[in-house]
Protein chains: 2
Amino acid sequence: MVDVDNKKQNLSEREQSILHHVVYNYIQTAVPVGSRYISKHLEKNLSAASIRNVMADLEETGFLSHPHTSAGRVPTDLGYRFYIDYLMEMQQLGDDEKLRIHQQLKQTNDAEEMLRETSKLLGKISHQLSIVTSPHLSSGIFEKIELIPITGSKLLVVISIRTGIVRTIMLEVGAEVPRDHLDQVGRIINERLVGLTLKEIRDSFVDRVRDVQNEKTGLIRLFIESVDQLFTDSKDREKVLIGGTKNIIDQPEFIDPKNFRSVIELIENEDIIVHLLERHDESQRNFVVTVGTENKDETTKEYSFVTATYDVGGVTGRVGIIGPTRMNYGKVIPLVDYVAQAIAKMLSS
Amino acid sequence: MVDVDNKKQNLSEREQSILHHVVYNYIQTAVPVGSRYISKHLEKNLSAASIRNVMADLEETGFLSHPHTSAGRVPTDLGYRFYIDYLMEMQQLGDDEKLRIHQQLKQTNDAEEMLRETSKLLGKISHQLSIVTSPHLSSGIFEKIELIPITGSKLLVVISIRTGIVRTIMLEVGAEVPRDHLDQVGRIINERLVGLTLKEIRDSFVDRVRDVQNEKTGLIRLFIESVDQLFTDSKDREKVLIGGTKNIIDQPEFIDPKNFRSVIELIENEDIIVHLLERHDESQRNFVVTVGTENKDETTKEYSFVTATYDVGGVTGRVGIIGPTRMNYGKVIPLVDYVAQAIAKMLSS
DNA sequence: GTAAGCACTCGATGAGTGTGAGTGCTGTGA
DNA sequence: TCACAGCACTCACACTCATCGAGTGCTTAC
């Protein structure tokens, strides 16, 4: 990996300008851009030949490449990276788009439904695949547990989190447990855990209830055994909602059916995406852009990710976009950022 | 629509035999089958020319067609229908496949997760798109309601249904409601509704609680207003799980990218499928096969559906398969049927 | 360092052609 | 009346070949 920061000084004004033109034009047209075109339309005081020289330099440094001898130049991942960090201008989000987003958010009051629809809209506006994860509960603050007996030997556990999010889990109890006993255990748990995050609870639950072990029904023991299920974002709870497939297939890269397969792979295999988002989560910044091979995953090496965090009183989730590396970063980044903020505002009200 | 039953007598032995060969071979190979091929390999005592005559007759009656003058014959929807009803032999399900299904079903104990994984497996085995709906609650028998206050003005309503299925809905209450009042209202509702189906409740709730209207907090009024939300399969609850996209795109019909789009359309637009499944639900039979244009929907006119009902103590859902009309019906039908039964058994235990 | 000219490369396009599978039709013989 | 052999005809498909044009790389001149 070349150190991009170092490169900033190494590139002359002219080189930067030409790199800018190549990336910008390629993003717009998906066609490799040639020296003659730049000379004619964008950099009129330079001849095509001079531009070719510059391009050759840029290729040597690793910012550009070309698919075959007589084709125009195409940005490399590194080229995109430089473009994003130093050359690109962020595009203002249109008022109509802001309006559409707010209208969509207001429309439903079920949280998951809202996220799903927002994801669809995000895909539609950006013409890319969109991803939205449901809130990451482990940093949420425990408020209250409620135990409800269901037919036979089932027990419904309701866990409230401070922001108003509620999580329900069904547990299998060995035998029927009397109501007053349930209440008693519930009270104990509530007293001891209130104010902690789910993550803290998960890590210290056993210690905190050690002294109540010798009760009759083994209910506490059941809780200890199920602690992961109760206080972790289980696979089926922390959902990744993927939308906008029909938008992305209009992109010119998908005339080639083999690229098609890779997209299908992506939407069927949520695990890949979950994995990548985890990586993003470790970052400190609010939004993250990953270009092509910057994420090590082989299946996504031709795709870029733009994701942002939404934060609802400490409980966070992610929204983002996946698309070909040739992506309109200047437009997509503000869009994702805006949607993340809008979701946060919506969920916290 | 031609009356197929009538046709059964009208087709000679020879015509039936040749129709059988054409359909069977086309299903296997996806290549239009010609007279010469049949004469050489399948009907050795007939010359190609004679077979052509029979084929011409079958084409006139509407069972076959051919894409262009000098191509082999291809079944029409009507041809498939005749094949399914009279000619086809059901294939026994392999032991290894049965085993895979059971292992998959046992693996998870969360109901939705189980359905989702089963759907994936169904897609993998059949090489088609698979669909599974979550149980249709309106015919489920109400057992118990439970009201749980959440932070601020939210109320979690838990409705238990006799088979052990539980449904939770979050309601927005105007102001905080005291616990004893909640209990009281809960008790009233339980007494009056137990044993009824959700559908009955939805239709008669207002009448059944009319006399309790004059209570303080207006809680009953809230319930009356929310009755649809509470006792109907709301859009976000009755989920259609679609899986197996990456299996179906291996089918030869998807070399053409325009067919590609139609599949994407299908998986993004659950509504289309929900709509079609509703139609299927009205049928009395346990499994239903719809070929191509037999369902009137324009977007699915090149697809067939095979669906079966699973029944868990009166609460039902559907499993099924969607694929090109050229589908191995003899294998798929027993498969879908088997999976439906396996799911029912699993959920009721 | 910049520009101009020229040869070269390579993909895309399109016309032309041959091939093979398959049909439709007709005439003949049982 | 039915079976079938033969022949002409039709397409789709794959292949070749020539052409075109965009674009580069290199060399030379200013």
Side-chain angles (χ1 to χ4, degrees), chain A residues 10-19 21-23 25-26 28-76 79 252-253 255-256 258, chain B residues 10-19 21-23 25-26 28-76 79 252-253 255-256 258:
Chain A
N10 288 352
L11 286 194
S12 68
E13 278 296 316
R14 174 173 296 181
E15 284 173 319
Q16 290 190 31
S17 166
I18 287 184
L19 178 56
H21 287 139
V22 172
V23 180
N25 262 273
Y26 186 64
Q28 299 299 327
T29 62
V31 172
V33 359
S35 55
R36 206 178 115 82
Y37 180 86
I38 293 186
S39 165
K40 273 255 167 114
H41 298 90
L42 303 163
E43 205 77 63
K44 291 174 185 167
N45 49 344
L46 283 183
S47 80
S50 306
I51 291 170
R52 279 205 286 281
N53 289 331
V54 178
M55 280 172 152
D57 290 348
L58 285 170
E59 185 162 353
E60 209 173 328
T61 359
F63 292 102
L64 295 180
S65 75
H66 56 216
H68 57 87
T69 338
S70 74
R73 293 309 206 291
V74 160
T76 61
E253 7 277 292
I255 42 152
D256 183 350
K258 90 168 201 297
Chain B
N10 287 352
L11 287 193
S12 67
E13 279 295 315
R14 175 175 294 181
E15 283 173 320
Q16 291 192 30
S17 167
I18 287 185
L19 177 57
H21 287 139
V22 172
V23 180
N25 262 273
Y26 186 63
Q28 299 298 328
T29 62
V31 172
V33 359
S35 55
R36 206 179 115 82
Y37 179 86
I38 294 186
S39 163
K40 273 254 170 113
H41 298 89
L42 305 163
E43 205 77 62
K44 290 174 185 168
N45 49 344
L46 283 184
S47 81
S50 305
I51 291 170
R52 278 204 287 281
N53 287 332
V54 177
M55 280 172 153
D57 290 348
L58 285 170
E59 185 162 353
E60 210 173 326
T61 0
F63 292 102
L64 295 180
S65 76
H66 56 225
H68 58 87
T69 339
S70 75
R73 292 311 204 289
V74 160
T76 60
E253 7 277 294
I255 42 151
D256 184 349
K258 89 165 203 298

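Regarding His66(B), its NE2 atom lies at a distance of 11 Å from the P atom of dA12(D), rounded to whole Å. Distance CG (Leu64(A)) to C1' (dG25(D)): 16 Å, rounded to an integer number of Å. Rounding to whole angstrom units, CZ of residue Arg52(B) and C1' of dT26(C) are separated by 12 Å. The nearest whole Å value for the distance from the CD1 atom in Ile18(B) to the P atom in dG22(C) is 15 Å. What separates CG of Asp57(B) from P of dC2(D) is a distance of 10 Å, to the nearest Å. The distance from atom CE of Met55(B) to atom P of dT23(C) is 6 Å, rounded to the nearest whole Å. We find that CD1 of Ile51(B) is positioned 15 Å from C1' of dC2(D), with the value rounded to whole Å.
In terms of polar N and O atoms assigned as donor or acceptor, the side chain of Arg36(B) never comes within less than 3.5 Å of the base of dG22(C) in a complementary pairing.
For Ser35(A) and dG23(D), the shortest distance from a side-chain N or O to OP1 or OP2 is not below 4.0 Å. Between Arg14(A) and dT2(C) there is a side-chain N or O to OP1 or OP2 distance below 4.0 Å. At least one side-chain nitrogen or oxygen of Arg73(A) sits closer than 4.0 Å to the OP1 or OP2 atom of dG25(D). Phosphate proximity of dA12(D) to Ser70(B): absent, as no side-chain N or O sits under 4.0 Å from OP1 or OP2.
Across the interface with DNA chain C, nearest-nucleotide mapping of Asn53(B) and Gly72(B) shows Gly72(B) to be the residue nearer the 5′ end.
For the pair Leu11(B)/Phe63(B), a side-chain contact is recorded, criterion being any heavy-atom separation below 4.5 Å from C-beta on. With contacts defined as side-chain heavy-atom distances shorter than 4.5 Å, the pair Leu58(A)/Glu15(A) qualifies. Side-chain contact between Lys40(B) and Lys44(B): absent, with no pair of heavy atoms (C-beta onward) separated by less than 4.5 Å. Looking at Leu19(A) and Met55(A), their side chains never come closer than 4.5 Å, going by heavy atoms from C-beta outward. Between Leu46(A) and Ser39(A) the shortest side-chain heavy-atom distance does not fall below 4.5 Å.
Residues from residues 39-50 of chain B with heavy atoms under 4.0 angstrom of DNA chain D, sorted by number: Asn45(B), Leu46(B), Ser47(B), Ala49(B), Ser50(B).
For the helix from dG1(C)-dC30(D) to dA30(C)-dT1(D), the rotation axes defined at the first and last 5 base pairs enclose an angle of 10°, given to the nearest 10°.
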> Given the rule in the side-chain contact (heavy atoms from CB on, under 4.5 Å) test, do Ile18(B) and Arg14(B) qualify, once you have shown the distances and angles that lead to the verdict?
Replying inline: CA-CA 6 Å; Ile18(B) 287 185; Arg14(B) 175 175 294 181; 4.2 Å; yes
>> Using the rule given for side-chain contact (heavy atoms from CB on, under 4.5 Å), can you reason through Val22(A) versus Leu64(A), listing the C-alpha separation, both sets of side-chain angles and the distance that settles it, and then say yes or no?
In response: CA-CA 9 Å; Val22(A) 172; Leu64(A) 295 180; 3.7 Å; yes
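Checking dC10(C), dA12(D), dT24(D) against every side-chain atom of His68(B), the shortest atom distance belongs to dA12(D).
Considering Ile38(B), Val74(B), Val23(B) in turn, Ile38(B) is the only one that fulfils the side-chain contact (heavy atoms from CB on, under 4.5 Å) rule with Val33(B).
Judged as a salt bridge (charged side-chain N to carboxylate O under 4.0 Å, His left out), the pairs with a partner in residues 46-64 of chain B (not counting sequence neighbours) are, in order, Glu59(B)-Arg73(B).
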